[in-house]
Number of protein chains: 2
Amino acid sequence: MAGRSQSGSRGAAPAPDGKQLPPAVVSRLTVYLRALNSFLADGVDRVSSDALAEASGVSSATLRKDLSQLGSYGTRGVGYEVENLRQHLSVALGLTRDWRVAIVGAGNLGRALARYGGFGTRGFDVVALLDTDPQIIGNEIGWLRISDAANLEAVFQRTRANMAVLALPASVAQAVCDRVVAAGVRSILSFAPTILQVPPGVTLRKVDMATELQILAYHAQRGEAGGETGASSDPDPTYDAAPHSGGQPA
Amino acid sequence: MAGRSQSGSRGAAPAPDGKQLPPAVVSRLTVYLRALNSFLADGVDRVSSDALAEASGVSSATLRKDLSQLGSYGTRGVGYEVENLRQHLSVALGLTRDWRVAIVGAGNLGRALARYGGFGTRGFDVVALLDTDPQIIGNEIGWLRISDAANLEAVFQRTRANMAVLALPASVAQAVCDRVVAAGVRSILSFAPTILQVPPGVTLRKVDMATELQILAYHAQRGEAGGETGASSDPDPTYDAAPHSGGQPA
DNA sequence: GACTGTGAACGGTTTCACAGCG
DNA sequence: CGCTGTGAAACCGTTCACAGTC
């Protein structure tokens, strides 16, 4: 099973510029980054942990603890410099280099994503849009032309795509995912409503509206408010260290 | 906090009705449900915790613990009956009643979601699609005609929408969200890349592609694979769509 | 004095190991 | 015996409270 949990020295003490950030922290860093951009746009150049936490929808204790894992980039008695902190977060998240994203699947969602100009955040360039439907191959969507997914490997190589977004039906998702992995991509964001298996060394994240709606249904049904602020908790680590494992037979 | 006294005695199962399920469990139940549907489609009618866990990307211990929170629906030495378990999960998640979803924002994403036939899972009907752009109000998308968001309250009342999906730019998200809440909706799924504030009693879930890509960037940057099995983590969820649940290759 | 950085307590989640039942 | 159901242990993440610094 878990072959990679060997960390040698006790990981209890979070090495300052050490390495591995906890998943929960990484995901919040992206929120802080967004909040900082917002502050910057408003001409604010210093924030307290309280103000930034409020804007990010977390507690100030959590925020300070998160930031302290990166190092000490604040000034006691004053706060954080927005631009400075933003820079550090960008570095920590790996946003200093450009990422070339290929969108596989040009259905409703794939096309919507391709047309989404800002594409979430700068630093991510959509370099390809692929599909298997002969009727739409060649069509222009936004700045792109739909490529034939049959040439997936060639397209990925030519565009040097290093990230893939899967906007596919569940039925073909695993097969396409395998090809994407074989093409050398190690970062995949899947919108397919299915569990996908990827080999170790590949990071897969899954985004799923059906799950979200069902979770909402659960809360609504019992008249319970889970999260009031933007951040409801929804953990789901799943360190499934078993790399092999018989695929799903049927 | 007010304590919820828990009858810790054994024997009597923890009332399936009165109990609040941990967030992590709820989110996994949706995954199990999907896996069960898949098994059912393949004609399988009994599964062991091991098999279901494998198909769901979790450990069998976790799966059994999760299911045991709902009651004892398995047979020792045998496993679970697929159809039976599916029924129980549906009930637990509140999927026995229909949910009427209004999509606010008919931009690229809103339209893609509206056209998404299967809409993730049955039980969710899209009853309205709204926007403020006069140029597209009245257009037909899928089975719907785009309504004028100026009449949001009236549209929500007429369609008796009890869930809302926000597919809006960040700049107007909070204002629209406030109106949606004022209109009586207590379950909201936001795709807007912004922190939203909602009053207690309203459940808000957020889905954000920018966050997902940045998390991928973090892992890619340090050559580290986080999770193999795709599963949303933390306070930052989803997005989704994909053509049909049928076999349509995209 | 104000606010950051952080050890320590706390609460939730996963894993383990085995008891209980077909 | 096989497999589910479950206390107990191990683990992880958040909150608290205060020490440290400007």
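Quick note on labels: first sequence line is chain A, next is B, and so on, each numbered from 1.
- Rounded to the nearest 0.5 Å, atoms CG (A/Leu166) and CG (A/Leu109) are 11.0 Å apart.
- Rounded to whole Å, atom C1' of C/dT4 lies 14 Å from atom OH of A/Tyr32.
- B/Tyr80 places no side-chain N or O within 3.5 Å of a backbone atom of B/Leu52 that could act as its donor or acceptor partner.
- The nearest whole Å value for the distance from the CZ atom in B/Arg28 to the P atom in C/dT13 is 8 Å.
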* Structure fact -> Contact string for nucleotides 17-22 of chain D, one letter per nucleotide 5' to 3', B = base within protein heavy-atom range under 4.0 Å, S = sugar-phosphate only, - = neither, reads B-BBBB

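- Summarising the geometry, the separation between CG on B/Leu63 and P on C/dT14 is reported as 12 Å, rounded to the nearest angstrom.
- Between D/dT15 and A/Ser59, a contact under 4.0 Å exists linking OP1 or OP2 to a side-chain N or O.
- Atom CG of B/Asp50 and atom P of D/dG5 are 13 Å apart (whole Å).
- With distances taken from any side-chain atom of B/Ala24 to the nucleotides C/dT13, C/dG5, D/dT4, the minimum falls on C/dT13.
- Between the side chain of A/Asp45 and the backbone N or O of A/Val82 there is no donor-acceptor pair closer than 3.5 Å.
- A/Ser56 places no side-chain N or O within 3.5 Å of a backbone atom of A/Val58 that could act as its donor or acceptor partner.
- For A/Arg46, the CZ atom is loosely surrounded, since the number of other residues' heavy atoms within 6.0 Å does not exceed 12.
- Residues A/Leu95 and B/Gln214 have side chains in contact (heavy-atom distance under 4.5 Å, counting atoms from C-beta outward).
- Contact check of residues 81-91 of chain A against DNA chain D (heavy atom, cut-off under 4.0 Å) returns no residues at all.
- Closest to the A/Tyr80 side chain, of the nucleotides C/dG5, D/dG13, C/dT15, is C/dG5.
- Between B/Leu21 atom CG and C/dT14 atom P there is a gap of 13 Å when expressed in whole angstrom units.
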* To do: Decide yes or no on side chain to side chain donor-acceptor pair (under 3.5 Å) for A/Arg222 and B/Gln20, but give the supporting numbers first.
  => CA-CA 9 Å; A/Arg222 48 188 316 286; B/Gln20 158 94 287; 3.1 Å; yes

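- If you check C/dT13, D/dG13, D/dT4 against the side chain of B/Ser49, the one that comes closest is D/dT4.
- The B/Lys65 side chain lies nearest to C/dT15 when the options are C/dT15, C/dT6, D/dG13.
- Note: CG (B/Asp66) to P (C/dG12) measures 16 Å, nearest angstrom.
- Considering CG of B/Leu216 and CH2 of A/Trp99, their distance stands at 9.0 Å, rounded to 0.5 Å.
- Rounded to a whole Å, the CD atom of B/Gln69 is 17 Å from the P atom of D/dT4.
- Distances shorter than 4.0 Å separate some side-chain N or O of B/Ser72 from OP1 or OP2 on D/dG5.
- Per the geometry, CZ belonging to B/Arg46 stands 16 Å off P belonging to D/dG2, to the nearest Å.
- A/Ile188 pairs with exactly one of A/Leu196, A/Val181, A/Thr203 by the side-chain contact (heavy atoms from CB on, under 4.5 Å) rule, that one being A/Val181.
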